[in-house]
Amino acid sequence: MRDLTEANVTDAVLNTIADDTNPRLKEIMEALIRHSHDFVREVNLTPDELLYAARFIQNVGHISDDKREEGVLLGDVLGLTALVEILGDRVRVGATESSLLGPFYREGAPTRDMGDDISLNDDEGEPAFIHGTVTDANGNPIEGVVLDLWQTSPNMFYEAQVGQPKDYDDYAYRAKFRTGADGKYWFRSRKPVDYPVPTDGPVGLILNGTGRHSWRPAHLHYLIYKDGYQTIQTELFNSDSKYLDSDAVFGVKETLIIPYEQVDDAARAEEYGFPTSTFYEGTYDFVMKDDASVKDAEAAYSQRASMSAA
Ligand code: BEZ
Ligand code: FE
C-alpha cells in the first residue's frame, strides 16, 4: 500500500497518467496537477474551501445555457482569455492585435450594404459614422474580406440578451460587410457605450467579493476573415471611456483605442441620413497577415522555444 504524504502525493497522481496518452493532453494534465497541488500548498486550502470551489464550479454550469457562458466569463475576469490571446498574437506581429470574443457573438448576422445603419434606425444614442480600410502587412488593400461586427445598443445590452428594457429587431447592432477592391468599409451606427458584464451569477461573487467593478469600456467587436489570411478577432475601444484602465475582462490594448471625433457638417450628415448636422466619426484601418507568413513565424517561434528549453 502507498503511504501518501505531502511530499509524494503529487508524484502519485502524475504517475497515473499512461505513457501512451496523447502528448498534448499529457503535457496539459501534468502541468495542471503540478500547479494545482502547489496552489493548495501555497494557500493551505481547507476541506471546506475545496468543497466551496467544487460547488462554485457546479453553479457556473447551472447558470450557463446557449445564451450565457459563465465558464467563458470566469476565464475572462481571471485574465486567462486575455493571456491566451496575448500569447497567440506573438506569431502575428504586424497584424491588428487581438482582443476578447466575449459571450455575445452570434453567427448568422445579415450581410448589409456599405453605409447601412446597423442600429436599424434606433431612435436612441449618438449617431456615429465608422470607416477604414483592410490591408495586408505591405499596406495593399484586400478585397473580399468579411467584417462581422457587433456592439451593444445605447441601453447597454446586446440585442439578444435576456432582460433588457427594449425590444430590438433580431440582429440589430450586428452586421457583416464585405470589402471591395479598395479594401474600404464604412457604416453607420450609434457611438458604443460602457456597459457592465453580468454579475448575477457565480462570477459576480468574485467581482463583488474582491472589490472589483464589472464595467467594460465602450467598444465595438470585430471578426474579420478571408481565406488565406489569419482571422482578426478584436475590439475597438472608445478613447473617452473612463474604464480603459480597468476593463473588467482585460481586453484593452493601446493600439485598439480610437477617438470618436464630433463632426458638425450638415451636408455630410444629410448624405449619411443622420437627423441632425452633428455626428461622431470613428476611423480604423485593419491589417491582416497571410497564413503562410504566420506559419513561418510559428515554426521560428517553436524552434526558439525548444532551443531555450534545452
Ligand atoms: C463582451 O465584450 O461582449 C464581453 C466580454 C467578456 C465578458 C463579457 C462580455
Ligand atoms: Fe462586448
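Every heavy atom of this structure was used, including side-chain atoms; hydrogens, water molecules and symmetry mates were not. Counting starts at 1 for both ligands and their atoms, following the listed order.
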### Query
Nearest 0.5 Å, what's the NZ-CD1 distance between K253 and I86?
5.0 Å
### Message
Can you report which non-hydrogen protein atom sits closest to atom 9 (C) of ligand 1, along with the distance?
### Response
P103 CD, 3.4 Å
### Task
Under 4.0 Å, heavy atoms only, figure out whether ligand 1 is touched by the backbone of V197, its side chain, both or neither.
side chain
### Query
Is the distance from the Fe ion (ligand 2) to the nearest N/O/S atom of Y158 under 2.8 Å?
yes
### Query
Looking at H221, which atoms of ligand 1 are within less than 4.0 Å of one of its heavy atoms?
1 (C), 2 (O), 3 (O)
### Task
Below 4.0 angstrom from a heavy atom of R216, which ligand 1 atoms are there? Numbered from 1 as shown, please.
1 (C), 2 (O), 4 (C), 5 (C)
### Task
Report, as yes or no, whether the 6.0 Å neighbourhood of atom CD on E30 holds more than 12 heavy atoms from other residues, nucleotides or ligands.
yes
### Task
Give a yes or no on whether F56 atom CZ has more than 12 heavy-atom contacts from other residues, nucleotides or ligands under 6.0 Å away.
yes
### Task
Using a strict cut-off of 4.0 Å, indicate which atoms of ligand 1 neighbour a heavy atom of Y195.
1 (C), 2 (O), 3 (O), 4 (C), 9 (C)
### Verdict with reasoning, I206 to L74, per side chain to side chain contact (heavy atoms under 4.5 Å, CB included)
CA-CA 9 Å; I206 294 182; L74 180 60; 3.5 Å; yes
### Query
With a 4.0 Å cut-off on heavy atoms, does Y105 reach ligand 1?
no
### Query
So which heavy atom in the protein is nearest atom 5 (C) of ligand 1, and how far is it from that ligand atom?
G102 CA, 3.5 Å
### Cation-pi, Y171 ring and R106 (6.0 angstrom, 45 degrees)
yes
### Query
Do any N/O atoms on D76 end up under 3.5 angstrom from N/O atoms on ligand 1?
no
#### Entry: Passing candidate, side chain to side chain contact (heavy atoms under 4.5 Å, CB included) with L223, options L149, I232, D148
D148
### Query
Is a salt bridge present between D89 and R92, judged by a nitrogen-to-oxygen distance below 4.0 Å?
yes
#### Entry: Atoms in ligand 1 with a heavy atom of F104 nearer than 4.0 Å
3 (O), 9 (C)
### Query
Aromatic ring centroids of Y195 and F157 under 6.0 Å?
no
### Task
Using distance alone, with no hydrogens and no angle criterion, decide if S119 and D117 have a side-chain donor and acceptor under 3.5 Å apart.
yes
### Message
If I consider every N, O or S atom in H221, which one ends up closest to the Fe ion (ligand 2)? I only need its name.
### Response
NE2
### Query
Is Q151 close enough to the Fe ion (ligand 2) to have an N, O or S atom under 2.8 Å?
no
### Summary
In ligand 1, the atoms that come under 4.0 Å of a heavy atom of L73 are 7 (C), 8 (C)
